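Report on one structure; see the data block that follows.
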Amino acid sequence: QVQLVESGGGSVQAGGSLTLSCALSISSYTYCMAWFRQAPGMSREGVAAIAPLGNTIYADSVKGRLTISKDNAKNLYLQMNGLKLEDTAMYYCAASVSPYGGGCLEARRINYWGQGTQVTVSS
């Protein structure tokens, strides 16, 4: 059984910080570990990912503000700084157990999704 459980979402003021966490329980080798987000009426967007070789990938909109990291194969984090109103969205922990199929920030690459945790940025 595969489980991805997010936590850490909440409401913060613009310019503030928040850290999201994800506990992953996946037996297969995980090629991609990522964070996606989706705001109402918007498409799901890949935000940050740890690629197969361990390098990190970020969407242009969050570069310099959000940082993805992991402490082991089970825990994934997203440190969010300098939050903006447009960062408001449901954030999803995601993982790929496929060695190919797209970039790690492409939804088609993802095999497993968490239930999501809401991040709301207010003025």
Side-chain angles (χ1 to χ4, degrees):
Q1 185 175 33
V2 174
Q3 294 186 42
L4 292 78
V5 182
E6 303 101 329
S7 62
S11 298
V12 297
Q13 293 186 348
S17 299
L18 196 64
T19 299
L20 306 183
S21 300
C22 177
L24 296 89
S25 295
I26 302 176
S27 298
S28 302
Y29 180 81
T30 306
Y31 290 90
C32 301
M33 289 174 279
W35 289 97
F36 283 69
R37 68 185 181 187
Q38 187 166 25
M42 304 293 287
S43 60
R44 187 165 296 189
E45 172 191 27
V47 175
I50 299 176
L53 295 181
N55 56 299
T56 56
I57 306 170
Y58 296 95
D60 288 341
S61 61
V62 305
K63 287 181 179 178
R65 300 189 300 110
L66 276 59
T67 303
I68 188 171
S69 64
K70 63 174 183 175
D71 56 10
N72 53 42
K74 185 176 178 62
N75 301 295
L76 185 69
Y77 305 93
L78 184 66
Q79 176 63 51
M80 310 170 74
N81 299 316
L83 286 166
K84 303 176 179 180
L85 294 178
E86 49 264 48
D87 292 319
T88 294
M90 183 72 74
Y91 283 72
Y92 298 90
C93 180
S96 174
V97 295
S98 173
Y100 49 74
C104 290
L105 288 184
E106 296 182 85
R108 63 178 181 173
R109 181 73 179 277
I110 302 301
N111 303 112
Y112 302 107
W113 300 91
Q115 84 288 350
T117 185
Q118 180 68 38
V119 172
T120 301
V121 183
S122 63
S123 60

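Counting from 1, the numbers follow the sequence of the chain as shown. Only a predicted model underlies this, so the values are computations on that prediction, with no experimental measurement involved.
- Atom CD of E45 sits about 10.0 Å away from atom CD of Q38, to the nearest 0.5 Å.
- Its side chain within the 4.5 Å cluster rule, Y92 clusters with F36, M90, I110, W113 among the Ile, Leu, Val, Met, Phe, Trp and Tyr residues.
- For the atom pair OH (Y91) and CG (L18), the distance works out to 9.0 Å, reported to the nearest 0.5 Å.
- To the nearest 0.5 Å, the span separating OH on Y58 from CH2 on W35 amounts to 12.5 Å.
- A continuous path of Ile, Leu, Val, Met, Phe, Trp and Tyr side chains, each step under 4.5 Å between heavy atoms, connects L20 with I68, placing both in one hydrophobic cluster.
- Atoms NZ and OG1, from K63 and T56 in turn, are 10.0 Å apart once rounded to the nearest 0.5 Å.
- Atoms OG and CD, from S11 and Q118 in turn, are 8.0 Å apart once rounded to the nearest 0.5 Å.
- Each of L105 and V62 belongs to its own hydrophobic cluster when Ile, Leu, Val, Met, Phe, Trp and Tyr are linked at side-chain heavy-atom distances under 4.5 angstrom.
- No salt bridge links D87 with K84; every basic N to acidic carboxylate O contact stays at or beyond 4.0 Å.
- Cluster annotation: L85 is connected to L66 through the hydrophobic network of ILVMFWY side chains, with a link wherever side-chain heavy atoms come within less than 4.5 Å.
- Each of V119, T67, T19 was evaluated against M80; a single residue qualifies, V119, per the side chain to side chain contact (heavy atoms under 4.5 Å, CB included) test.
- Between atom CG of residue L24 and atom CD of residue E6 there is a gap of 9.0 Å, rounded to the nearest 0.5 Å.
- Linking ILVMFWY residues whenever their side-chain heavy atoms come closer than 4.5 Å, directly or via other members, leaves Y77 and L4 in distinct clusters.
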